[in-house]
There are 2 protein chains.
Amino acid sequence: MNRPTLEAVAARAGVGRGTVSRVINGSPNVSEKAREAVQQAIQELGYVPNRAARALVTRRTDTVALVVSESEFRVFDEPYFAGTIRGIGSALTETGLQLILAMARSRQEHARLEHYLTGQHVDGVLLLSLHGDDPLPGRLEAMGVPTVLGGRPVGPATPYSYVDMDNRAGARQAVKHLLGLGRGRIAAIAGPQDMGVGVDRLSGYRDAVLPTGLPELVAYGDFSEESGESAMAELLAAHPDVDAVFAASDPMALGAMRVLKAAGRAIPEDVAVIGFDDSKAALHADPPLTTVHQPMEAMGRQMALLLVARINGEELRQPVVILDTHLVRRESA
Amino acid sequence: MNRPTLEAVAARAGVGRGTVSRVINGSPNVSEKAREAVQQAIQELGYVPNRAARALVTRRTDTVALVVSESEFRVFDEPYFAGTIRGIGSALTETGLQLILAMARSRQEHARLEHYLTGQHVDGVLLLSLHGDDPLPGRLEAMGVPTVLGGRPVGPATPYSYVDMDNRAGARQAVKHLLGLGRGRIAAIAGPQDMGVGVDRLSGYRDAVLPTGLPELVAYGDFSEESGESAMAELLAAHPDVDAVFAASDPMALGAMRVLKAAGRAIPEDVAVIGFDDSKAALHADPPLTTVHQPMEAMGRQMALLLVARINGEELRQPVVILDTHLVRRESA
DNA sequence: AAGGTCTTTGGGAGCGCTCCCACAAAGAGT
DNA sequence: ACTCTTTGTGGGAGCGCTCCCAAAGACCTT
């Protein structure tokens, strides 16, 4: 039952440890004959290198962590999560790295997690949907742990590398579409303003509305369906004449639609609605929700690729990647 | 920048390596004085044990893998996934184990994954929603890797340990509720019959229908919304007089509802609908979907706990855990 | 006071690997 | 023929930890 070691392979192949190691790590300076002998021995013995032993000497664990911290614990429920993790997974398997899922709910678990991540247990860290000025990325980078964020962090010119959607352009395009429909009382249900996504999607709305001289009607939510409902109720109370809504997330748009319907407004006749995410739920909504598509799987892939490049110490021309978004027209607007 | 080693801590505390190791691992035979000195040194140096070094000698990695294989890659989209992983995460952090997410899309990645998992890189494996007679759990156990399944595997009396919902009882209860409503043409949209869940939920339906002498009207789906739509269409064509539907998953129930509405049937007046999952979407459906609740987070926790127990070599009286399900009555039935 | 037991301690050995140095073998140049 | 490379190879050292053994103390007994 005991797994064979490098030494066993060497003995079997009639070579030294060094040669076996070279074959395994693809060193060029190995004779064809030796390589074949080693490969056969590996095959016969079913040899699998011991990661721990390798990690001990190389000081690399070939492992990266995807951190899901307390406030974003519900990411699992969110439509974008599946795509992102899929992208991360596919990019990572290609490079042979392992993905560990690090979760932290309480504050003390958070501290423990930071301790763990900085304690040479992972080669790099992937951080999803950061809120506010979370100190984690700064601490990690300070300890020499490469970190890549998913979504622009708030604050001016942070030094972190990240992958993000072009949220601003997407929002702008959505609102311009509403404008093109002849709507004149366009409201926005914005996301949390302590997140880059939240800020950027609202900026996009403003970009489109400002030049027209039309009023800015804004309510805030936290991307959840419930918050979309209350924001819509608020909007409806303050501006009964609203004729279009741009919601910064699909769940919020869905919540808004529910409230609008309950208030007797026809969609899109009375009020046009556009969401953001291009989630599955948007497609199945009634009426199907016009929304802004964002390439989630690509984002995951890019995050992983960026991280791998940084782990390998490559000089990055571009530590930031921005992915295109575009409007998907359906029936709600 | 170099992280301190055990030896550094020992030197600082004025004790030997052995004593530091004992303190870290909570050995009882350490004097109070030594323990304090060591703890302070650890604090001052910010010492974090090197996992690789420890793993090398203990032959334990303190890591378990959650395998998400090709066919179930969409689990990320499924409502039950979030709860399960949450439960796994919370149970695991308590025990200090790390969770690695192992994904395999293609067949060859699958082979590589098996190689990896059996190659002493993880202490145990968690397998979600197995299809058919997947050879993976058998291979893993044969190689001495403890494995716990989420959901009963098909086939009579497999030797694996697993955690499952009482799917049969839940389904039976749902159908009995339909019967209690006076419905007499109750159809089932069953899940894949190569999965325990699929089989059991259909059995529950039969348990309730059989004694009544009413006809069994069954169509099959794969738990997805789309499959629910086509199954419902099929059912409607074959049995236009159907007055109730029990779907083996919420997405299928939602798909069925869409088709029913399109066919002009009122829910629940013309056709009552019950789903299974108690997902968030069920709550927000129109009308709110009556469904069978299953404790997903508890399932995740139990899976993790079972695995940990097996890893620690505990003698298990009960290598199988079945969790209760119950009907949640809303407006669709 | 001497011998016993139990607790606590330090440190050698060794886990399986990579790194690197020394050296052998094979060409290449004079 | 001889040196000087170049290429390929074996194996010592050591990564940071746990295990375990021998020895030192502490505390009883008689």
Side-chain angles (χ1 to χ4, degrees), chain A residues 1-39 41-42 45-63 96 115-116 118-123 312, chain B residues 1-39 41-42 45-63 96 98 116 118-123 312:
Chain A
M1 207 40 130
N2 261 340
R3 312 241 86 218
T5 68
L6 214 188
E7 198 114 23
V9 174
R12 177 104 178 194
V15 300
R17 275 194 342 272
T19 301
V20 178
S21 180
R22 269 169 228 123
V23 170
I24 290 171
N25 297 297
S27 161
N29 293 342
V30 180
S31 68
E32 203 48 48
K33 186 159 147 264
R35 184 185 313 278
E36 270 167 28
V38 169
Q39 243 137 20
I42 287 177
L45 296 171
Y47 170 74
V48 184
N50 181 317
R51 285 203 152 212
R54 175 180 288 168
L56 186 55
V57 34
T58 59
R59 281 133 184 297
R60 283 197 37 166
T61 58
D62 288 332
T63 297
H115 203 229
Y116 175 83
T118 55
Q120 72 213 322
H121 298 312
V122 298
D123 294 342
N312 293 336
Chain B
M1 205 43 130
N2 262 340
R3 312 241 87 218
T5 69
L6 214 189
E7 198 113 22
V9 174
R12 177 106 179 192
V15 301
R17 274 193 343 271
T19 302
V20 178
S21 180
R22 271 170 227 125
V23 170
I24 290 170
N25 296 300
S27 160
N29 294 341
V30 180
S31 68
E32 202 48 48
K33 187 160 148 265
R35 185 186 311 278
E36 271 168 28
V38 169
Q39 243 136 17
I42 287 176
L45 296 171
Y47 170 74
V48 184
N50 181 317
R51 284 200 154 216
R54 175 181 288 167
L56 187 55
V57 35
T58 59
R59 283 132 183 297
R60 282 196 38 167
T61 58
D62 287 334
T63 298
Q98 284 304 317
Y116 176 82
T118 55
Q120 73 212 324
H121 298 313
V122 297
D123 294 341
N312 294 335

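Naming: A, B, ... by sequence-line order, numbering from 1 per chain.
- Residues Val48(B) and Tyr116(A) fail the side-chain proximity criterion, which asks for heavy atoms closer than 4.5 Å.
- If you take CG of Asn50(B) and C1' of dT18(D), they are 13 Å apart, rounded to a whole angstrom.
- Put simply, NZ on Lys33(B) is 12 Å from P on dG25(D), counting in whole angstrom units.
- Proximity note for Leu56(A) (side chain, C-beta onward) versus dT18(C), dC15(D), dC19(D): the nearest is dC15(D).
- By the 4.5 Å heavy-atom criterion applied to side chains, Arg59(B) and Asn50(A) are not counted as neighbours.
- In this structure, Asn29(B) places its CG atom 19 Å from P of dA24(D), rounding to the nearest Å.
- If you check every strand for non-hydrogen atoms under 4.0 Å, Arg51(B) touches nothing.
- If Thr19(B) and Ala53(B) are placed on DNA chain C by their nearest nucleotide, the residue sitting closer to the 5' end is Thr19(B).
- For a distance-only test at 3.5 Å, the side chain of Arg22(B) fails to qualify as a donor-acceptor partner of the base of dT8(C).
- Atom CZ of Arg60(B) and atom P of dC17(D) are 18 Å apart (whole Å).
- Of all nucleotides listed (dG16(D), dT18(C), dT9(D)), dT9(D) comes nearest to the side chain of Ser31(A).
- Between Thr63(A) and Asp123(A) there is no side-chain heavy-atom pair separated by less than 4.5 Å.
- Nucleotide dG16(D) holds its P atom 10 Å from the OH atom of Tyr47(B), rounded to whole Å.
- A side-chain donor-acceptor contact under 3.5 Å links Arg60(B) and Asn312(B).
- The side chain of Leu6(A) approaches dT18(C) more closely than any other nucleotide in the set dT18(C), dT9(D), dG16(C).
- If you check distances only, the side chain of Arg59(A) never reaches the base of dG16(D) with a donor-acceptor pair under 3.5 Å.
- At a cut-off of 3.5 angstrom, the base of dG16(D) holds no donor-acceptor pair with the side chain of Arg3(B).
- Across dC17(D), dC17(C), dT18(C), the shortest atom-to-atom separation from the side chain of Asn25(A) is found for dT18(C).
- Among the atoms of the strands shown, only primed sugar atoms or phosphate atoms (P, OP1, OP2) are found under 4.0 Å from some heavy atom of Arg54(A).
- Across the protein-nucleic acid pair, Gln120(B) atom CD and dC17(C) atom C1' stand 12 Å apart, rounded to whole Å.
- Distance Leu45(B) CG to dG16(D) P: 14 Å, rounded to the nearest Å.
- Residue Ala34(A) is classed as a sugar-phosphate contact, given heavy-atom separations below 4.0 Å to backbone atoms only.
- Annotation: side chain of Asp62(A) is in contact with side chain of Arg51(A) (closest heavy-atom distance under 4.5 Å).
- For Arg17(A), counting side-chain heavy atoms from C-beta on, the closest listed nucleotide (dG16(C), dC17(D), dG12(D)) is dG12(D).
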